[in-house]
Amino acid sequence: MDIRRRPPKPPVHSKNRFLDNRSPSSDDRTVIDPPPKASDALPLPLYLTNAVFFTLFFSVAYYLLHRWRDKIRYNTPLHVVTITELGAIVALIASFIYLLGFFGIDFVQSFISRADSTDVDRDFEDHRLVTCPNPPPSQQPIVAKSEPPLPEEDEEIVRSVLDGVVPSYSLESRLGDCKRAASIRREALQRLTGRSIEGLPLDGFDYDSILGQCCEMPVGYVQIPVGIAGPLLLDGYEYSVPMATTEGCLVASTNRGCKAMYVSGGATSTVLKDGMTRAPVVRFASARRASELKFFLESPENFETLAVVFNRSSRFARLQSVMCTLAGKNAYVRFSCSTGDAMGMNMVSKGVQNVLEFLTEDFPDMDVIGISGNFCSDKKPAAVNWIEGRGKSVVCEAVIRGDIVNKVLKTSVASLVELNMLKNLTGSAIAGSLGGFNAHASNIVSAVFLATGQDPAQNVESSQCITMMEAINNGKDIHISVTMPSIEVGTVGGGTQLASQSACLNLLGVKGASKESPGMNSRRLATIVAGAVLAGELSLMSAIAAGQLVKSHMKYNRSSRDISGATTTTT
């Protein structure tokens, strides 16, 4: 039995609104008789009938009121009526009855339409819109091919999900089998939408590993190719850098930058700061009271007490600093702490919660509005991260010999220095960039993040970077550096424990927590990210300076295959 049924065809209405037995053509599908209306029973069009009765009602009402006034004025009995007055009374009653029915006609029509649509829904329960023309071929549903039927027990669960008896999110807990739950949810999704997700793989993934920590209600996984750039010679060690990307030329370009750095002696890096932040927002009755909290938190005498309370959250969490700023009577408190080899968002949030509970003893009137007030600032471009840093603040530098610039990078030192000044510095300043004084740091950061299981949304602040280039040794060689104040990475927790991402971390030698020194692996990963960015900046800037950017992308980043259908074509 084919469990992935094609969606039923739209109903074809004949003139008597019943389906005939013939196969309708495409033209017949779009011709549907309108439903009957109560106004169809009127001898005249509705707007003319309305005009007649409105005019009649007000005219007769005015005439009768005028006659009533005259009878009162001349003491004529009101019950004495002429034939004209009798006719006027009859006309008034008739027009009133019509108008009363007119204002109820919309209810009658809606009742008839609802009854008619109910009859249609019984015959064609899977359809919502029957008057829409067929979508263009590019928008038509892609129906799944025949696959082996599900076991009868799973079929019953699929039907229960579709009927709303069993919530989709509860399949894992009900079945105790994450792979089976994903398979059933996937089948229910396809039947519900009438669209296939055949190209989205299901097999070959450990769904137990993501339960409760990485992704909810999975139906498959997305494949992203992983390329290797390197060796990256950084601080005397060689690294093969995994990059998960779908952009052509990116890995090749970064690899060229690694080569130029390698033959020139490699790069060196320094971690300037290592601290994750969280900034709750609290409110007081007055700005003066909020300022008292600021003075309390930033007082050196109170820091040790706050650190003891904060550090209870984890054996790796260590409070480093507290900064508070006010907006009227609202206080934004930015806590910064070390987090070992974890990226540390949950760790710092727990510590902040401990401190807030402690502060309520001295500030019982403090109203905690939110554990995060965006002064942190997470997953958003912010000057506070660019200036103060967040996560790992890293600077990485290298000296590239002039002959390598000419032979490997196909450009000159003078051209690179000039382009960097006009593009990365002046151009970004004209654009009003915030931390974007670089060529394409986010390209490399995103690729390494995806490969190693980092939070891809934190690419926003982690890609803040300023690239500097300077001619040295009388203009023969070039000094290049990247300064990245907020690289947010970890080697434990989150997506780092997934099999593929764990393998990439293992390739770099930074998998898991460092046994020698807590935090060493995550700091090393941050320097590798910065080193890869340095290589990518060097290569892309050289390609632009040499006029090779468009040519290389046309060669490596454009496919001649047409994969929109079942066949392939070449151009």
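The residues of the chain are indexed from 1 along the displayed sequence.
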Sidechain-backbone polar pair: [X] side chain, [Y] backbone, donor-acceptor under 3.5 Å:
| X | Y | answer |
| --- | --- | --- |
| Asn385 | Pro381 | no |
| Ser486 | Glu461 | yes |
| Gln213 | Ser209 | yes |
| Ser539 | Ala535 | no |
| Asn474 | Lys476 | no |
| Asp341 | Gly490 | no |
| Arg524 | Leu508 | no |
| Ser183 | Lys179 | no |
| Asn311 | Leu319 | yes |

Are side-chain heavy atoms of [X] and [Y] found at a separation under 4.5 Å?
| X | Y | result |
| --- | --- | --- |
| Val533 | Ile444 | yes |
| Lys407 | Arg401 | no |
| Leu507 | Ile228 | yes |
| Leu425 | Met468 | yes |
| Met484 | Asn438 | no |
| Tyr207 | Tyr221 | yes |
| Gln464 | Arg390 | no |
| Ile371 | Leu356 | yes |

Hey, are [Y] and [X] close enough side-chain-wise for a donor-acceptor pair under 3.5 Å?
| X | Y | result |
| --- | --- | --- |
| Ser338 | Arg318 | no |
| Asn459 | Ser446 | yes |
| Ser412 | Ser415 | yes |
| Ser299 | Glu301 | yes |
| Ser433 | Ser428 | no |
| Thr467 | Glu537 | yes |

Between [X] and [Y], what is the shortest heavy-atom contact and its length?
| X | Y | value |
| --- | --- | --- |
| Val241 | Ala532 | CG1-CB, 4.2 Å |
| Val408 | Arg256 | O-NH1, 3.5 Å |
| Ile478 | Leu416 | CD1-CB, 3.8 Å |
| Arg289 | Asp362 | NH2-O, 3.5 Å |
| Val489 | Gln454 | CA-OE1, 3.3 Å |
| Ser463 | Val445 | OG-CB, 3.6 Å |

Heavy atoms from other residues, nucleotides or ligands near [atom1] of [X] exceed 12 (cutoff 6.0 Å):
| X | atom1 | answer |
| --- | --- | --- |
| Asp365 | CG | yes |
| Glu298 | CD | yes |
| Lys380 | NZ | yes |
| Glu216 | CD | no |
| Asn330 | CG | yes |

What residues form a salt bridge (Lys or Arg N to Asp or Glu O under 4.0 Å) with Glu238, not counting sequence neighbours? none
So which of Leu234, Thr483, Ile528 actually passes side-chain contact (heavy atoms from CB on, under 4.5 Å) with Cys396? Leu234
Does Leu505 form a side chain to side chain contact (heavy atoms under 4.5 Å, CB included) with Thr452? I'd like the steps, not just the answer. CA-CA 6 Å; Leu505 289 171; Thr452 59; 3.6 Å; yes
In Å, rounded to the nearest 0.5 Å, how long is the span from [atom1] of [X] to [atom2] of [Y]?
| X | Y | atom1 | atom2 | value |
| --- | --- | --- | --- | --- |
| Leu540 | Lys423 | CG | NZ | 6.5 Å |
| Ile157 | Ile184 | CD1 | CD1 | 4.0 Å |
| Gln501 | Lys511 | CD | NZ | 12.0 Å |
| Ser500 | Gln223 | OG | CD | 10.0 Å |
| Leu326 | Lys294 | CG | NZ | 6.0 Å |
| Ile487 | Ser522 | CD1 | OG | 11.5 Å |

Pair Val417-Glu470, side chain to side chain contact (heavy atoms under 4.5 Å, CB included): steps then yes or no: CA-CA 6 Å; Val417 172; Glu470 180 183 354; 5.7 Å; no
Whether [X] and [Y] hold their rings parallel, tilted or perpendicular, with breakpoints at 30° and 60°:
| X | Y | result |
| --- | --- | --- |
| Phe284 | Phe363 | perpendicular |
| Tyr332 | Phe375 | perpendicular |
| Tyr239 | Tyr237 | tilted |

Begin with the C-alpha distance, continue with both residues' side-chain angles, and end with the deciding distance and a verdict on side chain to side chain contact (heavy atoms under 4.5 Å, CB included) for Glu187 and Val161. CA-CA 10 Å; Glu187 181 61 33; Val161 172; over 6 Å; no
Test side chain to side chain contact (heavy atoms under 4.5 Å, CB included) on Lys392 and Val529; report intermediate values, then the result. CA-CA 11 Å; Lys392 277 71 174 172; Val529 172; over 6 Å; no
Under the side-chain hydrogen bond (donor to acceptor under 3.5 Å, both in side chains) rule, collect the residues that match up with Asp477, sequence neighbours excluded. Asn473
Taking side-chain hydrogen bond (donor to acceptor under 3.5 Å, both in side chains) as the definition, give me every residue that meets it alongside Gln320, ordered by chain and number, with sequence neighbours left out. Ser336
Check against salt bridge (Lys or Arg N to Asp or Glu O under 4.0 Å), Arg185 and Glu172: CA-CA 10 Å; Arg185 182 182 297 113; Glu172 281 80 3; 2.8 Å; yes
